[in-house]
Amino acid sequence: MSKDDSPSPAELIDARIAALGDWRGPTLSRLRELIREADGEVVEQVKWRKASNPLGVPVWEDGGIICTGETYKDKVKLTFARGAALDDPAGLFNSGLDGNLRRAIDIGQHDALDADAFKTLVQAAAALNKSKGPKEPAPIRPRARPCRGA
């Protein structure tokens with residue numbers, strides 16, 4: 001637990017994995033391990049926590065979001081935030097292929113994953129994030145002034 005007694009992102013992800021109670025838990029755990037092996041600077045976050053999903057969505061970041069890890073009844077889905085810009089010579093992406101930005105890997109119960117190709121993809125995503133440099137803050141626009149009667 002962190003100083004304010006709220007669970008850390010890593011603890012929330014641990015809880016998410018434990019709560020699954022079926023093949024998806026070990027699958028998500030293994031993917032998490034591969035992400036950490038691929039990028040020693042990766043930061044784990046949990047986003048989009050709400051009443052219907054109190055444990056939120058695991059997110060791995062390095063210079064920006066690398067990927068998110070969601071679980072569904074029949075799959076574990078890793079969505080790469082900028083996947084459309086990544087080379088995927090091993091053909092790991094199998095979902096969201098028609099999108100302009102994201103690509104995903106859906107892993108079913110009996111699906112195998114090429115660990116080396118996956119780690120290469122994670123490394124490429126982190127490198128792409130870092131290559132774009134720090135985000136520039138959005139320009140501050142003056143507020144519109146209310147019209148006064150003519």
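Between L78 and F118 there is a side-chain heavy-atom pair separated by less than 4.5 Å. Under the 4.5 Å side-chain criterion, counting only non-hydrogen atoms from C-beta, N129 is in contact with I66.
Pairs of residues two or more places apart, or lying in two chains, that qualify as salt bridge (charged side-chain N to carboxylate O under 4.0 Å, His left out) and include a residue from residues 46-63 are K47-E61, D62-K130.
Distance check, rounded to the nearest 0.5 Å: CD of E70 to NZ of K75 gives 10.0 Å. For the atom pair CG (L121) and SG (C67), the distance works out to 8.5 Å, reported to the nearest 0.5 Å.
Using a 4.5 Å cut-off between side-chain heavy atoms of Ile, Leu, Val, Met, Phe, Trp and Tyr, V57 falls into a hydrophobic cluster with W48, V59, I65.
A distance-only check finds no donor-acceptor pair linking the side chain of R82 to the backbone of L101 [under 3.5 Å]. No side-chain donor-acceptor contact under 3.5 Å links D87 to the backbone of P89.
A search for side chain to side chain contact (heavy atoms under 4.5 Å, CB included) contacts involving A117 returns A90, L92, D114, not counting sequence neighbours. Qualifying ring pair (Phe, Tyr, Trp, His ring centres under 6.0 Å) partners for F93, counting only residues two or more places apart in sequence or in other chains: F80. Every residue meeting the side chain to side chain donor-acceptor pair (under 3.5 Å) condition with D22, not counting sequence neighbours, appears here in chain and number order: R24. Residues passing the salt bridge (charged side-chain N to carboxylate O under 4.0 Å, His left out) test with D106, sequence neighbours excluded: K77. Listed by chain and number, the residues in a side chain to side chain donor-acceptor pair (under 3.5 Å) with N94 amount to none (sequence neighbours excluded). In this structure Q109 satisfies the side chain to side chain donor-acceptor pair (under 3.5 Å) test with no other residue, sequence neighbours excluded. Partners of D74 under the side chain to side chain contact (heavy atoms under 4.5 Å, CB included) rule, at least two apart in sequence or in another chain, are Y72. Residues meeting the side chain to side chain contact (heavy atoms under 4.5 Å, CB included) test with K73, sequence neighbours left out: none. For R102, the side chain to side chain contact (heavy atoms under 4.5 Å, CB included) partners at least two apart in sequence or on another chain are T79.
Under a hydrophobic clustering in which Ile, Leu, Val, Met, Phe, Trp and Tyr are joined whenever their side-chain heavy atoms come within less than 4.5 Å, directly or via other members, I17 and V43 fall into different clusters.
Contact between R103 and G83 at its shortest, heavy atoms only, is CG-C, 3.4 Å. In terms of heavy-atom proximity, S52 sits nearest to P54 at C-CD, 3.7 Å.
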Practice item. Please report the C-alpha distance between L55 and V46 in whole Å, then the side-chain angles of each, then the deciding distance to 0.1 Å, and finally whether the side chain to side chain contact (heavy atoms under 4.5 Å, CB included) criterion is met. Key: CA-CA 8 Å; L55 296 176; V46 175; 6.0 Å; no
Under 3.5 Å, side-chain donor or acceptor atoms of residues 27-34 against the rest of the protein: list the pairs with distances, not counting sequence neighbours.
unit_1	atom_1	unit_2	atom_2	d
T27	OG1	W23	O	2.9
R30	NH1	E33	OE2	2.6
R32	NE	E44	OE2	2.6
R32	NH1	D14	OD1	2.5
R32	NH2	A10	O	3.3
R32	NH2	D14	OD1	3.4
R32	NH2	E44	OE1	3.0

